[in-house]
Protein chains: 2
Amino acid sequence: MEVRDPQWLRGVLPLLVLTVLTRGECYGYDLSRQLETAGLGTIKGGTLYPVLARLEREGSVAIRWSEPTSGPARKYYRLTPAGKEQLAAGATAWLAFAERATQLLRTASEEHHDATT
Amino acid sequence: MEVRDPQWLRGVLPLLVLTVLTRGECYGYDLSRQLETAGLGTIKGGTLYPVLARLEREGSVAIRWSEPTSGPARKYYRLTPAGKEQLAAGATAWLAFAERATQLLRTASEEHHDATT
DNA sequence: CCAAACTAGATAGCAACGCCAACTAGCTGT
DNA sequence: ACAGCTAGTTGGCGTTGCTATCTAGTTTGG
């Protein structure tokens with residue numbers, strides 16, 4: 001079985017990206033590795049870059065090109081104030097939703113050991 | 001602001017439906033109200049019935065028509081053994097995913113009060 | 001008595017978005 | 001020279017929740 005259903009990322013992935021960016025500016029390829037390290041599975045380029053492009057169009061992130069002395073050029077992203085607000089609102093709402101879904105889903109696993117608290 | 005982003009239900013809605021069905025057999029219209037009561041927002045017919053149809057096609061739920069003495073006929077759904085397995089596997093995987101996403105998202109809110117544990 | 005509102009379910013078409021695959025391009029190591 | 005990694009981009013696909021609309025029975029109100 002796969003580690004995650006692709007659909008589960010929908011709507012959350014932009015929030016996860018913005019969250020990583022609160023640590024400081026970062027480029028796409030590194031972002032992808034940080035998300036993997038966070039246990040969220042592999043986020044391939046074809047998934048990540050379109051998300052970053054959307055965030056940029058919405059003004060949630062700002063970009064800066066770096067042309068390092070060695071290696072390919074990197075596109076560094078950093079949070080804008082608008083991005084911070086979007087993250088704050090979105091994260092709060094998602095966490096509330098996930099909390100309720102978690103509560104409901106847990107009742108299924110607990111059905112067999114009724115701990116009368 | 002809305003209570004939830006529509007996208008957040010993707011992939012989880014079938015699990016939520018199956019979870020409600022662990023309480024016993026239930027018909028669609030009532031399912032929709034139970035999900036709302038659980039704090040997950042309104043799940044309209046156009047969303048719910050296709051989900052139930054998929055679950056039936058996959059053999060995760062079995063149906064029974066009731067023709068009550070009054071009111072429209074109801075289609076009662078109940079979990080099959082296959083549905084229970086699907087729920088167990090899916091719920092575990094989603095809970096793990098949500099746990100990791102929650103951890104990451106919380107770091108953004110905690111960024112400003114560095115509690116050095 | 002007819003209309004509105006509610007219960008109960010079904011379906012068509014739309015749009016968002018993550019996925020796969022393929023591509024450019026620079027650098028490194030053998 | 002060529003394979004492989006880093007870095008980013010694009011096109012088209014499939015899933016699936018949403019809106020809107022429809023059928024049909026029941027109840028309530030003017």
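Residue numbers begin at 1 in each chain, while the letters A, B, ... track the order of the sequences. Below, each value reflects all heavy atoms present in this structure, side chains not excepted, and no hydrogens, waters or symmetry copies.
Side-chain atoms of B:Thr107 and B:Leu104, non-hydrogen and from C-beta on, do get closer than 4.5 Å to each other. A heavy-atom distance below 4.5 Å is not found between the side chains of B:Val17 and B:Val61. Between B:Leu31 and B:Leu52 the shortest side-chain heavy-atom distance falls below 4.5 Å. Side-chain contact between B:Gln86 and B:Leu55: present, with at least one pair of heavy atoms (C-beta onward) separated by less than 4.5 Å.
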*Tell me, with the steps shown, if A:Tyr27 and A:Trp65 meet side-chain contact (heavy atoms from CB on, under 4.5 Å).*
CA-CA 9 Å; A:Tyr27 59 99; A:Trp65 278 101; over 6 Å; no

*Please assess A:Ile43 against A:Leu9 for the test side-chain contact (heavy atoms from CB on, under 4.5 Å), listing each intermediate value before the final yes or no.*
CA-CA 10 Å; A:Ile43 314 289; A:Leu9 279 180; 3.6 Å; yes

*asked:* Does A:Arg54 form a side-chain contact (heavy atoms from CB on, under 4.5 Å) with A:Arg57? I'd like the steps, not just the answer.
replied: CA-CA 5 Å; A:Arg54 282 196 293 273; A:Arg57 268 202 310 277; 3.3 Å; yes

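Between B:Tyr29 and B:Tyr49, the closest heavy-atom pair is N-OH, 3.6 Å.
The side chain to side chain contact (heavy atoms under 4.5 Å, CB included) check on A:Ser32 picks up A:Leu48, with sequence neighbours excluded. Evaluation of the salt bridge (charged side-chain N to carboxylate O under 4.0 Å, His left out) rule for B:Arg33 yields B:Asp30 as partners, not counting sequence neighbours.
Between A:Arg74 atom CZ and D:dG8 atom P there is a gap of 8 Å when expressed in whole angstrom units. If you measure from atom OH of A:Tyr29 to atom P of D:dG8, you get 10 Å, rounded to the nearest angstrom. Look at CG on A:Leu31: it is 13 Å from C1' on D:dA7, rounded to the nearest Å. Between the CG atom of B:Asp5 and the P atom of D:dG17 there is a distance of 13 Å, given to the nearest Å. Computed from coordinates, the A:Tyr27 OH to D:dT6 P distance equals 9 Å when rounded to whole Å.
Of the residues in residues 37-66 of chain B, those with a non-hydrogen atom less than 4.0 angstrom from any atom of DNA chain C are B:Gly46, B:Tyr49, B:Pro50. Within residues 9-19 of chain B, the residues that have a heavy atom under 4.0 Å from DNA chain C are, in order of number, B:Arg10.
Along DNA chain C, the stretch of nucleotides lying under 4.0 Å from any heavy atom of chain B spans, 5' to 3', C:dT7 to C:dC17.
Between the side chains of B:Arg74 and B:Tyr76, a donor-acceptor pair is found at a separation under 3.5 Å.
Base pairing in DNA chain C yields stems of at least 3 consecutive Watson-Crick or G-U pairs, both distances under 3.5 Å, namely C:1-30 with D:1-30.
Comparing A:Gln7 and A:Tyr77 along DNA chain D, the residue whose closest nucleotide (by nearest heavy atom) sits nearer the 5' end is A:Tyr77.
Using modelled atom types, one side-chain atom of B:Arg4 and one backbone atom of B:Leu40 make a donor-acceptor pair closer than 3.5 Å.
Ring planes of A:Trp94 and B:Trp8: perpendicular class, angle over 60° (limits at 30 and 60°).
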